[in-house]
Number of protein chains: 2
Amino acid sequence: MSNDRLIFVALGGAGEIGMNTYVYGWGAPDKERLIVVDLGVTFPDMDSTPGVDLIFADIAWLEERANQIEGIFITHAHEDHVGAVGLLWPRLRAPIYARNFTAHHARRKMQDRGQDPDKVIEAPVWPETVKAGPFTIGFAPISHSIPESSAMIIDTPAGRVVHTGDFKLDETPLVGEPFDPDMWGEIGTSGVKALVCDSTNVFSSQPGRSEASVGPEIVKLVNDSRGMFVATTFASNVARVKTLADAGVAAGRSVCLLGRAMRRMVEASVTTGVLTDFPTTISPEDAESIPRENLMLLVTGSQGERRAASAQLARGRYMGLELAEGDTFLFSSKTIPGNEKGVIHVMNAMAEKGVDVVDDSSGHYHVSGHANRPDIDRMHALIKPQMVIPMHGEYRHLRENARLAESNGCASVIAPNGSVVDMTGKQPKVVEHIETARTYLDGDVQIGQFDGVVRDRIRMGLNGHALVTLILEGNEPLGDPWVELSGLPETGRSKAPLVDVLEEDLGQFVGRAKRKTLSDDAALEKELRNIVRKSTENEIGKKPEVTVVVSRLN
Amino acid sequence: MSNDRLIFVALGGAGEIGMNTYVYGWGAPDKERLIVVDLGVTFPDMDSTPGVDLIFADIAWLEERANQIEGIFITHAHEDHVGAVGLLWPRLRAPIYARNFTAHHARRKMQDRGQDPDKVIEAPVWPETVKAGPFTIGFAPISHSIPESSAMIIDTPAGRVVHTGDFKLDETPLVGEPFDPDMWGEIGTSGVKALVCDSTNVFSSQPGRSEASVGPEIVKLVNDSRGMFVATTFASNVARVKTLADAGVAAGRSVCLLGRAMRRMVEASVTTGVLTDFPTTISPEDAESIPRENLMLLVTGSQGERRAASAQLARGRYMGLELAEGDTFLFSSKTIPGNEKGVIHVMNAMAEKGVDVVDDSSGHYHVSGHANRPDIDRMHALIKPQMVIPMHGEYRHLRENARLAESNGCASVIAPNGSVVDMTGKQPKVVEHIETARTYLDGDVQIGQFDGVVRDRIRMGLNGHALVTLILEGNEPLGDPWVELSGLPETGRSKAPLVDVLEEDLGQFVGRAKRKTLSDDAALEKELRNIVRKSTENEIGKKPEVTVVVSRLN
């Protein structure tokens with residue numbers, strides 16, 4: 001009897017929101033043929049990852065099995081799903097499949113990292129499919145906040161798996177394919193083994209609102225505004241960008257796109273045909289000569305990013321354009337947790353210029369791209385799966401989605417990153433835990449989360465740094481120890497310069513030190529370090545990081 | 001004719017939420033007699049102030065005028081109003097006035113920093129007053145989210161100033177004095193020159209809700225819960241703590257306070273008489289032996305602070321108590337911007353233990369302590385001031401409150417930190433700008449925001465640190481340069497250890513360097529630094545901070 005099994009494992013995205021990296025396998029244990037769904041990134045912050053450029057899943061487990069991979073399938077073009085394609089492809093070297101618009105972005109990701117964009121293959125739309133080893137995969141259109149988002153319909157020898165990707169149930173998404181309940185009902189009718197399901201908004205108890213509900217509110221706001229109207233949103237939310245631009249044109253305003261991502265995303269949408277009737281835009285140079293009450297800027301920087309157009313405008317002139325008293329600035333977006341201070345900073349800088357800043361605290365100017373609890377419920381009901389595996393959520397979201405599934409009569413399991421789920425039987429079972437972690441792109445280098453590099457940076461950032469150098473000839477000190485400080489107060493309790501106090505204390509120690517200590521590098525370094533830490537704590541109340549360099553001439 | 005004038009200046013709190021520090025003056029220009037209202041702190045974060053312990057206003061301007069200060073008046077016991085009293089008093093040395101409960105906290109702040117708690121004088125409650133030079137100051141009870149909050153009624157030769165402090169209009173605050181519209185109307189009837197007014201919630205368009213509205217919702221939640229019920233809130237919100245405890249007792253649960261701030265705040269409230277009927281609590285030791293369905297814990301850590309009780313419980317056993325499957329944890333609080341990630345982290349850790357985490361996203365379990373827009377409006381109407389000076393808000397809040405005041409027929413001016421406002425005439429006028437900044441408590445040392453200490457730490461935290469040592473005898477290098485790295489990847493492009501690559505490059509340079517370079521410390525250091533930065537960038541794509549130590553033997 002065959003011991004082939006169907007497995008699912010998240011390397012990223014389950015137990016967090018970001019860096020989605022999912023793997024399905026079919027075959028004998030540890031000989032499974034594999035497919036990868038999404039290779040996303042997440043973003044660093046000063047608290048835990050200072051100086052890091054990007055974060056993605058540690059794919060060591062997958063890399064060891066690179067020759068088992070039949071293909072990489074990208075659900076949609078958000079950074080947390082496609083962002084690591086160019087960085088990780090050289091370690092996996094399997095064909096990448098994505099629909100037209102997504103493929104456009106995936107190719108750019110490959111190019112940006114010096115990889116061959118032709119490894120990205122345009123996938124057909126469901127009901128057409130792609131064969132990949134024992135799997136047959138269909139890209140089924142599903143509504144989200146970016147065009148051409150797709151769920152993966154994965155037919156396997158053990159039955160059908162529906163991997164929702166990010167989704168909402170929007171029958172009027174304005175750009176991209178509407179949610180089609182008939183198609184989804186049909187996908188479910190032949191029996192679905194597992195629904196692997198977006199959990200992001202499982203705590204939102206009201207049904208999600210359509211993208212179309214935002215337009216009338218924005219039109220009202222634009223019509224009521226006097227000076228220049230400036231709006232920001234996620235550039236990838238092409239429907240929203242279009243809604244904003246349409247509202248501007250309807251109010252007799254010329255529309256100008258500011259910020260690379262905004263221009264690129266609209267271009268990509270037009271090039272790939274997902275956007276057919278975007279209004280004509282003008283260049284920043286032309287915008288300069290248009291009366292501000294006839295102008296609308298659509299800009300990058302909804303998260304308060306320092307280098308984006310919104311922050312640049314908040315600081316001063318940008319591309320020849322400048323905010324002024326009486327202008328309106330709309331954040332048609334939500335603030336992602338962790339970005340609040342940056343957004344608030346930009347808002348206040350704008351308020352200082354006399355700009356009326358409008359955000360979504362009223363709930364009128366933004367809708368989420370994810371299914372709320374009743375929508376997830378409806379998806380469970382449409383697909384009628386044997387089991388639901390929650391994904392795309394923090395642990396609390398996975399747990400809640402699993403509970404919801406069970407209340408709907410489905411089997412379920414909470415499977416955060418690294419849990420290998422065996423879906424072959426009627427009940428999903430976690431059969432193994434593999435080590436997962438994060439990989440940091442630091443400059444050009446990929447380093448491990450636990451390499452200690454970032455930990456050392458955090459310590460220096462928190463505690464400051466003291467450097468001690470001591471030169472010995474044989475075992476005889478040549479002069480006193482020398483101290484250099486960085487990131488530490490200049491003076492403390494004794495009012496004398498801290499560096500003098502430390503050199504004095506170290507000099508006294510070296511003057512009195514026994515030959516045995518002076519002849520032992522490790523002992524000497526330890527003593528010098530301890531003196532610096534103790535004396536500094538005594539002077540200023542905190543202990544610095546210390547580097548000791550003992551140079552021995554002979 | 002006298003040129004005496006009445007001035008107002010914020011050194012902290014206007015243009016930010018935090019570190020409230022306000023000054024009023026009466027007299028000839030720059031000879032004014034002064035009073036200080038509040039000496040608060042704000043809290044550091046990793047983004048801008050890594051390693052800093054506390055932040056408060058730079059009081060250099062005030063310190064130079066210490067002999068003009070008649071008194072320091074504290075409106076209420078929140079950290080952003082009283083937190084810097086002990087740290088700054090030695091530089092001001094004026095008597096501190098506060099009502100009983102606030103004085104209790106101010107005395108502790110003095111003691112904590114080795115100052116004499118008897119400098120804190122208990123102030124009587126309005127209509128009694130305190131004389132301080134040309135000022136007569138009354139502490140008028142006003143509702144907020146901590147007991148005994150008071151507005152300052154400041155009578156001056158130029159007329160009456162009402163400094164609201166933090167306030168809401170709550171006629172059923174449960175603990176502390178209810179808002180008394182009659183008293184406030186009366187304070188306004190004799191004519192008020194200026195209302196210096198809390199602006200925090202000016203963008204909240206609905207009238208604020210009473211503390212009393214939270215109780216029934218909490219009772220319902222507690223009654224519906226099965227396992228242990230744990231709740232956190234701001235410890236200083238004594239009314240909320242009581243509401244929670246009462247709900248616990250009503251549901252037959254024993255109540256245990258966890259976390260120092262929680263125990264201290266309840267003790268202080270009982271000691272000072274603001275809390276008369278708090279339920280009996282039990283110790284953590286006793287709690288261990290009580291069935292969890294009969295237990296309620298009230299814990300510190302509503303902001304996800306790593307060392308608070310909530311985070312400790314999320315990680316594991318704390319004080320003999322442990323969360324388990326089926327317990328409920330309530331955040332009866334809002335998350336202050338910047339703390340989102342910490343709170344989310346705690347929530348997920350609890351979810352992993354099977355705990356049902358409830359936050360205030362429903363709007364049922366928390367109310368704000370600040371007046372919303374309609375309440376501010378009502379305050380303007382009750383007091384009928386000549387002018388409104390907005391305070392306690394970011395710039396956008398000050399601007400909006402000023403606009404609201406003007407729409408109510410009051411003069412107004414936006415006066416962020418450092419703006420000296422002359423209130424003598426009918427219109428407030430900004431007549432001067434004084435330099436303001438932040439002071440950091442770093443360990444035990446007060447350092448200036450612009451001293452460069454924290455900037456250096458941030459740079460090391462972001463970029464890592466490379467150390468180069470070179471020893472010369474006369475102008476002859478003794479051996480090759482030596483490199484130590486901290487917070488940098490071990491290998492880069494060439495796959496050789498980065499430290500080896502750098503030592504190689506530096507060694508080559510030193511071997512070829514001209515006598516002129518080798519004899520010039522500054523030139524040599526510069527060259528070595530540049531080589532390290534360039535070679536590191538070439539290897540790993542980023543430039544580190546570099547310290548070069550050239551030791552010259554002779």
Side-chain angles (χ1 to χ4, degrees), chain A residues 15 45-47 50-51 203 205 337-338 340-341 344 347-352 354 357 361-362 394-396 399 442-445 447 451 453-454 456-465 467 469 471 478-479 482 484 486-493 537 539-542 545 547 549 551 553, chain B residues 15 45-47 50-51 203 205 337-338 340-341 344 347-352 354 357 361-362 394-396 399-400 442-445 447 451 453-454 456-465 467 469 471 478-479 482 484 486-493 537 540-542 545 547 549 551 553:
Chain A
D45 60 38
M46 189 72 187
D47 284 273
F203 286 110
S205 54
E340 289 79 3
K341 284 197 169 183
I344 287 172
M347 286 181 170
N348 281 306
M350 288 177 177
E352 287 192 43
V357 179
S361 50
S362 67
E394 300 160 11
Y395 194 97
R396 60 193 172 121
R399 177 170 181 263
D442 195 43
D444 300 330
V445 182
I447 59 178
D451 286 4
V453 172
V454 169
D456 287 352
R457 288 212 292 260
I458 291 174
R459 286 184 181 165
M460 287 192 292
L462 289 172
N463 306 325
H465 184 250
L467 156 68
T469 57
I471 306 172
L478 286 179
W482 176 271
E484 298 240 357
S486 192
L488 290 164
E490 276 181 28
T491 58
R493 190 157 290 136
E537 188 180 27
E539 278 291 307
I540 64 167
K542 56 192 285 180
E545 301 304 299
T547 305
V549 179
S551 307
L553 309 176
Chain B
D45 60 39
M46 190 71 188
D47 284 273
F203 286 110
S205 56
E340 290 79 3
K341 284 197 171 182
I344 287 172
M347 287 180 171
N348 282 306
M350 290 176 175
E352 288 191 44
V357 179
S361 51
S362 68
E394 299 160 11
Y395 194 96
R396 61 193 173 121
R399 177 169 180 262
E400 193 66 14
D442 195 45
D444 301 330
V445 182
I447 58 178
D451 286 5
V453 172
V454 171
D456 287 352
R457 287 211 293 259
I458 291 174
R459 285 183 182 167
M460 286 191 295
L462 288 171
N463 305 326
H465 184 250
L467 156 68
T469 56
I471 306 172
L478 286 180
W482 177 269
E484 298 241 357
S486 192
L488 289 165
E490 277 181 30
T491 57
R493 189 156 292 134
E537 190 181 24
I540 65 167
K542 56 192 284 181
E545 302 304 299
T547 304
V549 179
S551 306
L553 310 176

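Lettering of chains follows the sequences in order, A, B, ..., and the numbering in each one begins at 1.
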Specify which of A:Ile458, A:Ile447, A:Val549 makes the most heavy-atom pairs with chain B at under 4.5 Å.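 The residue among A:Ile458, A:Ile447, A:Val549 with the greatest pair count is A:Val549.
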
Select, from A:Gly443, A:Gly541, A:Gly487, the one with the greatest count of heavy-atom pairs under 4.5 Å involving chain B.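 When all of A:Gly443, A:Gly541, A:Gly487 are compared, A:Gly487 has the most.
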
Please test A:Asp45 against B:Lys341 for salt bridge (Lys or Arg N to Asp or Glu O under 4.0 Å), starting from the C-alpha separation and ending with a verdict. CA-CA 10 Å; A:Asp45 60 38; B:Lys341 284 197 171 182; 2.6 Å; yes

Under 3.5 Å, side chain of [X] to main-chain N/O of [Y], donor-acceptor pair present?
X	Y	result
B:Arg399	A:Gly354	yes
A:Lys542	B:Gly51	yes
B:Asp456	A:Ser486	no

Side chain, backbone, both or neither of [X] within contact of chain A (heavy atoms, under 4.5 Å):
X	result
B:Glu394	both
B:Ile540	both
B:Arg459	neither
B:Asp442	both
B:Thr491	backbone

Please classify the contact of A:Asn463 with chain B as side chain, backbone, both or neither, using a heavy-atom distance under 4.5 Å.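 Backbone of A:Asn463 only, per the 4.5 Å heavy-atom cut-off to chain B.
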
For A:Glu352, is it the side chain, the backbone, both or neither that has a heavy atom under 4.5 Å from a heavy atom of chain B?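 For A:Glu352, heavy atoms of backbone and side chain both lie under 4.5 Å from chain B.
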
Option from A:Met46, A:Met460, A:Arg457 for which side chain to side chain contact (heavy atoms under 4.5 Å, CB included) with B:Leu462 holds: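 For B:Leu462, the side chain to side chain contact (heavy atoms under 4.5 Å, CB included) check succeeds only for A:Met46.
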
